[in-house]
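Each remark here refers to the structure printed beneath this line.
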Amino acid sequence: MLLLFGQPERGIMQGSYDVVIIGGGVIGSSVAYHLSANPDFRGSIAVVERDPTYTTASSSLSTSSIRQQFGTQPNIRMSAYSIEFLRNAATILEVDDHSADISLREPGYLILGTPEHIAGFEAKNAAQRACGIETELLTPNEMRRRHPWLNVDDLGIGSYGPVKEGWFDGPGLLQAFRRKARAQGVDYIADRVTGIDMEFGRAVAVRLGHGDRLACGTVVNAAGAWSKGIAEMAGLDLPVEPRRRCVFVFDSPLKIPHGPFIFDTSGMAMRPEGQYYLATVTPLTENAADDFSLEVDHALFDDLIWPALAHRIPGFEQLRLLRSWAGLYEYNLFDHSGIIGRHPAVANFIFACGFSGHGMMHSPAAGAGASEIILYGESRSIDLRPFAYERIAANLAIEEHVY
């Protein structure tokens, strides 16, 4: 087995930690980095990760994009905070003169809508501008002039973010958070969580697959697609389920080297990836929960993605599929937005999960805010109150839908 950074497979471990973070992906590692970087925190931190090679981790299988074009101000603020962090990640996450190169690119997002979507686009544009995001609304003719390779015949509107939107090296960001957290004294433990011991309404220990027991002061559930099962170990309910998303890499005679990330009316999304392209489709929330399988659904490409590509960009009628993979979304079935903060009945149990495909892009903001909730009882860098667990019982949804 490949061992990261030449460390023992199970990592350094002691019997008790002030904070135990379950899940060492980009969210858990961001929480670990931010908490250990805070001079007001002087405790010990352990991150328990079931897959230390990150081969099957959702963070490694993401398309790693970021957009400002959300329809609710809490998510827009998360993106605004996170893009500034990503722009400065090389120096912020530097370790021993080794900069964190996450290869951030900002060609923008172009989200397409039919004539029926115009009112919805205008409402979301108003929300974005209220947060200082200068998104452009484009007519079909304007899109045709800018992108002559784009078929706009059935479109009514487009929304384009000219700055602060694009993509980056997601696995690179994960490893940069992890490397910096370890340099700041965080222990990473390669093991599977099998139980959480509760006493008098508090989580007091995390039990591991190899038989170890980690006493703890605070538990953070950053287990992504596996977070519902972790919550159940503490006797808590969490409306988060796994959904498989397949990503396909293809080549084509048509080259759009500086093109934007395109989100089509069909649900298909694509972007350039070097000399090639990535294409995917968002999994449906109404589907049954997946069984954590990472088997690629090749019929999805033939039946949905390829026809959508050929319709929207006729130059893609001739393409060559190169490879594919599948990863897991952690779908929050309540409102498709992250759950960040304490459980009202178990004060030392912190959620940082349920991001529904936004975890990679929002990991800097989520890590900063969750670490401050652990330390101060509230998030100070960014207002995370709308993402609190209590919103579920209060039916206060941060509802995000594609237009």
Side-chain angles (χ1 to χ4, degrees), residues 61-67 69 103-117 121 135-162 165-170 243-284 294-327 329 357 360-361 402-403:
L61 302 170
S62 166
T63 56
S64 306
S65 57
I66 183 166
R67 59 184 166 99
Q69 294 185 68
S103 302
L104 177 65
R105 304 287 183 269
E106 298 183 46
Y109 258 68
L110 178 60
I111 302 177
L112 307 176
T114 67
E116 292 75 21
H117 293 144
F121 271 57
T135 310
E136 303 174 11
L137 293 181
L138 306 175
T139 67
N141 284 336
E142 288 171 330
M143 287 186 282
R144 181 184 291 113
R145 285 195 297 270
R146 295 189 186 193
H147 308 298
W149 39 263
L150 189 70
N151 173 18
V152 301
D153 291 346
D154 58 341
L155 299 180
I157 194 169
S159 180
Y160 176 61
E165 297 193 329
W167 51 88
F168 54 95
D169 179 357
R243 294 290 188 278
R244 181 179 49 167
R245 185 184 68 162
C246 300
V247 181
F248 300 88
V249 182
F250 66 93
D251 193 9
S252 170
L254 175 66
K255 299 301 179 184
I256 315 172
H258 304 294
F261 189 113
I262 294 177
F263 203 106
D264 189 44
T265 56
S266 64
M268 179 273 298
M270 62 80 57
R271 67 166 176 85
E273 175 65 14
Q275 62 179 318
Y276 304 124
Y277 306 91
L278 299 184
T280 187
V281 63
T282 302
L284 299 175
L294 297 180
E295 182 179 355
V296 175
D297 181 1
H298 293 283
L300 192 64
F301 186 82
D302 296 332
D303 298 342
L304 195 157
I305 294 177
W306 194 349
L309 283 167
H311 170 72
R312 187 58 61 207
I313 304 174
F316 284 161
E317 289 180 354
Q318 296 181 348
L319 57 80
R320 180 167 60 97
L321 185 61
L322 300 177
R323 67 186 187 96
S324 57
W325 70 83
Y329 267 14
M360 182 61 75
M361 72 175 76
V402 177
Y403 302 87

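Each residue takes its place number in the sequence, starting with 1.
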*Looking at residues at least two apart in the chain, or sitting in another chain, which of them share a salt bridge (Lys or Arg N to Asp or Glu O under 4.0 Å) with Glu136?*
Arg146
_Within this structure, what is the CG-CZ distance for the pair Leu150 and Arg145, rounded to the nearest 0.5 Å?_
13.5 Å
_I want to know whether Tyr277 and Phe248 have ring centres closer than 6.0 Å._
no
*Please determine if Asp169 and Arg105 form a salt bridge, counting it only when a charged side-chain N lies under 4.0 Å from a carboxylate O.*
no
*Donor-acceptor pair, Ser252 side chain versus Gln318 backbone, under 3.5 Å?*
yes
*Do the charged groups of Arg312 and Asp154 touch, with an N to O distance under 4.0 Å?*
yes
_Going by the rule side-chain contact (heavy atoms from CB on, under 4.5 Å), which residues pair with Ser62 if we only count those two or more places apart in sequence or in a different chain?_
Ser64, Met360
*Show the numbers, then the answer: is there a side chain to side chain contact (heavy atoms under 4.5 Å, CB included) between Leu309 and Glu317?*
CA-CA 7 Å; Leu309 283 167; Glu317 289 180 354; over 6 Å; no
*Is Asn151 reaching over with its side chain to a backbone N or O of His311, donor-acceptor style, under 3.5 angstrom?*
yes
*Charged N-O contact under 4.0 Å between Arg271 and Glu273*: yes
*asked:* Any heavy-atom pair between the side chains of Arg244 and Tyr329 that's under 4.5 Å?
replied: no
*Going by heavy atoms in the side chains, are Arg245 and Thr280 under 4.5 Å from each other?*
yes
*Applying side-chain contact (heavy atoms from CB on, under 4.5 Å), name anything that partners Asp303, two or more places apart in sequence or on another chain.*
Ala299
*Just wondering, do Gln69 and Glu165 contact through their side chains at under 4.5 Å, heavy atoms?*
yes
_Just so I know, are the side chains of Val296 and Phe301 near enough to count as touching, which here means a heavy-atom distance under 4.5 Å?_
no
